[in-house]
Amino acid sequence: MQLFAAVLPPASATAELADAVASVRPMGHELDAVPPDEMHLPITNFGNVALAETRSLTRALQADVATWAPVSLQFAGGAALEWRGDESVWAKLDGDVDGLGVIGRGIPRSVQRLGFFVDRRQFRPWLAVGTITDHTTAPYLQRLVDGLNAFAGQTWKLTEVLLMRRQPADESGRPGGFETVESFPLGG
C-alpha cells in the first residue's frame, strides 16, 4: 500500500477556500483546481508499505500523535510555483503554525526507529488548491495569489492526524484519490 500521513481540514474550511479560488475568474482553463473534498495537507510519504509494517507504523504513530496538542489553524495567504518543477498554487496556513510544525517534524521522527527514512524537510504548512495548465497566464496567476493573500478563512481546530492510502490509477490513467486507513487523535 502507498501510505502517507496527512491532515484533512474540515469540509466547511475547504469549501470556503475553494470558493475563494473560484472567485478569481480565469479567462479559460488556467487552473486544474483541487476539489474541496480532496484537499488535504500531506505531512510525509511512507512509500509502499507491507501489511506487517503498516501495523508497526500505526502503533508508533498512535502513541506519538497522542502526545501532541491540538492546534487552531486557518487558511490565510497564498503562493505559486515556489521551487523548480513546482506547478502548484498553494494556500498557506496561519494560526498555531508552530504547533503544526511540531506534528510535521514529529511524524518522521516517530517512524525513523522503524526503519522508515523520510525527509523531515519536506513538510510545509501549505495546501495545494490547484495546478497550472498549458493555458495559465501570468496575470491570472498573480490575481489568484493576490486573492489568496487577501483571504482569511475560518479558524478550525486540528484534532487528528490521518494515515492515508493512495488509490491506484484507473484504466485511463487518472489518479485514484486516497482513503483513510487510520485516524490518530491528538492528545497533548
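Under a 3.5 Å cut-off, the side chain of N48 and the backbone N or O of M1 do form a donor-acceptor pair. Side chain of N149 to main chain of G78: a donor-acceptor pair is present (N/O by atom type, distance under 3.5 Å, no hydrogens or angles). Side-chain N or O atoms of D86 include one that pairs as donor or acceptor with a backbone N or O of S88 at under 3.5 Å. Judged by distance alone, the side chain of S110 and the main-chain N or O of A60 form no donor-acceptor pair under 3.5 Å. The main-chain N or O of F123 is never found under 3.5 Å from a side-chain atom of R105 such that the two would form a donor-acceptor pair. Judged by distance alone, the side chain of T133 and the main-chain N or O of H135 form a donor-acceptor pair under 3.5 Å.
One hydrophobic cluster, built from ILVMFWY side chains closer than 4.5 Å, holds both M39 and I103. Cluster membership check: V161 shares its hydrophobic cluster with L61, using side-chain heavy-atom separations under 4.5 Å among Ile, Leu, Val, Met, Phe, Trp and Tyr. The hydrophobic cluster containing V129 also contains L100, counting ILVMFWY residues as joined when their side-chain heavy atoms lie under 4.5 angstrom apart, directly or transitively.
Residues D94 and L73 form no side-chain contact, since every pair of their non-hydrogen atoms from C-beta on lies 4.5 Å or further apart. For the pair V24/F151, no side-chain contact is recorded, criterion being any heavy-atom separation below 4.5 Å from C-beta on. Contact annotation: the side chain of L144 approaches that of L31 to within less than 4.5 Å [non-hydrogen atoms, C-beta and beyond]. Here the side chains of L186 and T67 are not in contact, with every heavy-atom distance at 4.5 Å or above. Counting heavy atoms from C-beta outward, F184 and T58 have side chains that approach closer than 4.5 Å. Contact annotation: the side chain of W90 never approaches that of V145 to less than 4.5 Å [non-hydrogen atoms, C-beta and beyond]. Inter-residue side-chain proximity for P36 and E38 is flagged as unmet; no heavy-atom pair is nearer than 4.5 Å. Annotation: side chain of W68 is not in contact with side chain of L158 (no heavy-atom distance under 4.5 Å).
A cation-pi contact links R124 to W83, judged by a cut-off of 6.0 Å to the six-membered ring centre and 45° from its axis.
Remark: D64 does not engage R59 in a salt bridge, criterion side-chain N to carboxylate O under 4.0 Å.
Residue L8 belongs to a hydrophobic cluster whose other members are F4, L162, M164, F178, with links defined by side-chain heavy atoms closer than 4.5 Å.
Distance CD1/I132 to CG/D32: 10.0 Å, rounded to 0.5 Å.
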Quiz item: Should E87 and T131 be marked as a side chain to side chain donor-acceptor pair (under 3.5 Å) after you check the CA-CA gap, both sets of side-chain angles, and the distance that decides it?
Solution: CA-CA 5 Å; E87 296 185 347; T131 55; over 6 Å; no
Exercise. Please lay out, stage by stage, how Q74 and Q154 fare under the test side chain to side chain donor-acceptor pair (under 3.5 Å).
Key: CA-CA 6 Å; Q74 75 176 129; Q154 63 182 271; over 6 Å; no
Practice problem: Using the side chain to side chain donor-acceptor pair (under 3.5 Å) rule, take E30 and T137 through it: C-alpha gap first, then chi angles, then the decisive distance, then the call. | Solution: CA-CA 7 Å; E30 295 194 60; T137 63; 2.8 Å; yes
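In this structure, I43 and G104 approach most closely via the heavy-atom pair CG2-CA, 3.8 Å.
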